[in-house]
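Below is one structure; the comments refer to it alone.
Letters A, B, ... mirror the listed sequences (proteins, then strands); counts begin at 1.
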2 protein chains.
Amino acid sequence: MLRENRKKQTRESIIKHAIALFKQKGYENVTVEEITIACGIAKGTFFNYFPKKEHILLYITDTYMNRLNEVIQLHPEGSLKERVLHIFRELVMIYFKYPDLLGLTLEETIRSTVRTETESNNLRKFQTALAQLIDEEKENNERFKNWDSDTAASILVDIFIHTLLTQSASLHAETMMELFQRKLNIIWEGLAR
Amino acid sequence: MLRENRKKQTRESIIKHAIALFKQKGYENVTVEEITIACGIAKGTFFNYFPKKEHILLYITDTYMNRLNEVIQLHPEGSLKERVLHIFRELVMIYFKYPDLLGLTLEETIRSTVRTETESNNLRKFQTALAQLIDEEKENNERFKNWDSDTAASILVDIFIHTLLTQSASLHAETMMELFQRKLNIIWEGLAR
DNA sequence: ACATTAAAATGACCATAGTCATAATTGACC
DNA sequence: GGTCAATTATGACTATGGTCATTTTAATGT
């Protein structure tokens with residue numbers, strides 16, 4: 001299994017060096033060749049691991065979303081609204097680890113969502129996780145029974161992603177969280193009530 | 001003013017030929033040089049009009065959004081929810097004029113939103129228009145007074161854009177409209193009511 | 001008409017993402 | 001430990017987006 005180990009190592013090396021360089025010089029100012037030199041591999045090798053330069057950014061989101069279940073477990077208490085807000089906060093914090101890459105990363109996530117149409121994309125995973133949360137709440141709380149969980153979860157994802165996108169330039173986590181709060185208030189209580 | 005006329009002509013020629021070629025061969029398979037040849041201009045000239053190839057896609061959204069006020073006027077009757085649904089429907093129909101470009105166009109709109117941060121971008125315009133609609137409704141209808149119109153409008157844009165994005169691959173307008181309807185039902189009545 | 005200046009067009013040029021035929025490495029099997 | 005097949009690495013090469021110094025064209029003034 002030497003081969004598989006090497007592959008994993010190379011892959012991780014590429015990601016590590018690429019992100020380090022992106023942080024340092026900005027995504028656009030880093031060439032693929034530069035990344036491969038940092039890794040001590042040939043340029044062509046890069047494309048054996050990632051079909052396009054941008055796919056590294058996608059990987060970042062993968063990592064975030066892999067922590068999703070963990071993040072959901074972090075806040076098992078409180079009302080559904082509180083839990084959702086906590087989850088949003090955690091995800092925002094993770095995203096803010098690479099503030100300069102936030103916008104680009106989101107763009108790529110969206111792109112892949114548009115292009116793939118598959119169930120396996122990250123936003124779909126997020127939606128499924130939220131839908132499950134709503135389903136659980138339905139057991140305890142009559143008030144949620146009216147709605148299809150998946151549609152409701154989809155709204156939450158709509159709000160999360162698009163708010164993040166429009167706010168990503170200003171990069172202020174707390175402002176963003178306030179906006180989330182206000183939006184959740186509205187959809188919880190109903191726009192026309 | 002010969003100069004300005006020529007400029008306008010060239011600009012329009014580029015847009016016209018570019019979109020025709022995109023429809024015919026797909027965005028990725030059309031080179032800038034190809035576009036300029038079709039227009040009978042030099043390659044460099046293209047970049048005097050559009051800083052990047054992708055900016056042509058942005059122009060498409062500009063056109064759509066310029067029709068926004070017109071679209072809003074089209075349905076002055078009915079409840080707010082009905083009006084919003086009508087507006088969504090009209091916009092979806094406009095977008096579906098270039099079904100193959102829909103995804104790309106949206107991607108670019110989002111990109112520019114992320115990058116510019118200015119008030120002048122198209123999504124912001126959409127939001128402002130919707131906020132105004134909500135404000136008007138507030139005059140007649142007590143029930144909407146609780147909420148900040150801008151935040152509420154922002155939710156509607158979140159839903160519109162992100163639903164469009166996730167659904168753009170399947171390209172089925174009616175499915176999309178049904179989804180809009182379900183989502184609006186939820187946020188109108190309130191998720192937890 | 002001619003000269004001067006400003007705007008716009010041009011295309012040779014460059015940088016770099018991505019390809020691909022070839023070479024090197026690995027694992028399996030005898 | 002030698003042979004073969006499959007996998008992975010390599011880097012010369014190609015294609016194309018985008019730049020920029022130079023040239024052309026339009027507008028203004030005399």
Side-chain angles (χ1 to χ4, degrees), chain A residues 1-60 101 103-105 107-108 111-112 115-116, chain B residues 1-60 101 104-105 107-108 111-112 114-116:
Chain A
M1 291 296 97
L2 175 56
R3 204 160 238 173
E4 283 195 20
N5 286 339
R6 279 238 211 299
K7 251 176 96 172
K8 208 170 154 188
Q9 273 179 13
T10 308
R11 196 184 148 77
E12 277 164 9
S13 170
I14 291 174
I15 290 165
K16 195 182 88 188
H17 287 105
I19 292 182
L21 284 166
F22 291 165
K23 279 171 109 167
Q24 186 186 317
K25 309 178 58 179
Y27 176 79
E28 306 280 358
N29 303 317
V30 177
T31 68
V32 171
E33 197 166 20
E34 218 172 336
I35 297 168
T36 55
I37 289 170
C39 298
I41 58 178
K43 184 179 169 188
T45 307
F46 178 94
F47 295 97
N48 292 339
Y49 289 85
F50 299 92
K52 312 242 165 196
K53 185 186 171 191
E54 313 116 48
H55 275 60
I56 298 216
L57 296 171
L58 257 176
Y59 168 83
I60 296 178
L101 296 181
L104 291 164
T105 304
E107 281 173 24
E108 278 315 310
R111 274 202 190 201
S112 80
R115 294 194 204 292
T116 55
Chain B
M1 292 294 96
L2 175 58
R3 204 161 241 174
E4 284 195 20
N5 286 340
R6 279 237 212 301
K7 252 176 94 170
K8 207 169 154 190
Q9 274 179 11
T10 308
R11 195 184 148 78
E12 278 164 10
S13 170
I14 292 173
I15 291 165
K16 194 182 88 189
H17 287 105
I19 292 182
L21 284 166
F22 292 164
K23 280 171 108 167
Q24 187 186 318
K25 309 177 59 180
Y27 177 78
E28 306 282 357
N29 303 318
V30 177
T31 68
V32 172
E33 195 166 23
E34 217 172 334
I35 297 169
T36 56
I37 289 170
C39 298
I41 59 178
K43 183 179 169 189
T45 307
F46 178 93
F47 294 97
N48 293 339
Y49 289 85
F50 299 91
K52 313 243 167 197
K53 184 186 172 191
E54 313 117 48
H55 276 61
I56 298 215
L57 297 171
L58 258 176
Y59 167 84
I60 295 178
L101 296 182
L104 289 164
T105 304
E107 281 173 24
E108 277 315 308
R111 275 203 189 199
S112 80
V114 172
R115 295 195 204 290
T116 55

Starting from the C-alpha separation in whole Å, work towards a yes-or-no answer on side-chain contact (heavy atoms from CB on, under 4.5 Å) for B:Phe22 and B:Leu104. CA-CA 11 Å; B:Phe22 292 164; B:Leu104 289 164; over 6 Å; no
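Across all strands, A:Phe50 comes closer than 4.0 Å to no nucleic acid atom at all (heavy-atom distances). Residue A:Thr31 is classed as a sugar-phosphate contact, given heavy-atom separations below 4.0 Å to backbone atoms only.
Residue A:Asn48 has its side chain nearest to D:dA9 when only D:dA26, D:dA9, C:dT19 are considered. Here D:dT10 is the nucleotide among D:dG17, C:dT10, D:dT10 with the atom lying nearest to any side-chain atom of A:Thr45.
A straight line from CD of A:Glu4 to P of D:dA6 spans 17 Å, rounded to a whole angstrom. The distance between atom CZ of B:Phe46 and atom P of D:dG18, rounded to the nearest whole Å, is 8 Å. Between the CD1 atom of B:Ile41 and the C1' atom of D:dT23 there is a distance of 17 Å, given to the nearest Å. A:Asn5 places its CG atom 12 Å from the P atom of C:dT26, with the value rounded to the nearest Å. Nucleotide C:dA17 holds its C1' atom 14 Å from the CD atom of A:Glu34, rounded to whole Å. Between A:Phe47 atom CZ and D:dT8 atom P the separation is 18 Å, expressed in whole Å. Separating the NE2 atom of A:His55 from the P atom of C:dA17 is a distance of 15 Å, rounded to the nearest angstrom. In this structure, the CD1 atom of B:Ile37 is 14 Å from the C1' atom of C:dT10, given to the nearest Å.
Mapping B:Arg3 and B:Ala42 onto DNA chain C via the closest heavy atom, the residue that lands nearer the 5' end is B:Arg3. Residues B:Arg6 and B:Pro51 each lie close to DNA chain D; by heavy-atom proximity, the contact nearer the 5' end of the strand is made by B:Pro51.
We find that B:Arg111 and B:Glu108 are joined by a salt bridge, their nearest charged nitrogen and carboxylate oxygen being less than 4.0 Å apart.
In this structure a side-chain-to-backbone donor-acceptor pair under 3.5 Å is present from A:Thr105 to A:Leu101.
The phosphate of D:dT8 (OP1 or OP2) has no side-chain N or O of A:Tyr49 nearer than 4.0 angstrom. Proximity of A:Lys43 to the phosphate of D:dG11: no side-chain N or O atom is located under 4.0 Å from OP1 or OP2.
Enclosure of atom NZ in B:Lys7 is not indicated, since only 12 or fewer non-hydrogen atoms of other residues, nucleotides or ligands lie within 6.0 angstrom.
Distance check: A:Arg115 CZ to A:Ser112 OG gives 9.0 Å after rounding to the nearest 0.5 Å.
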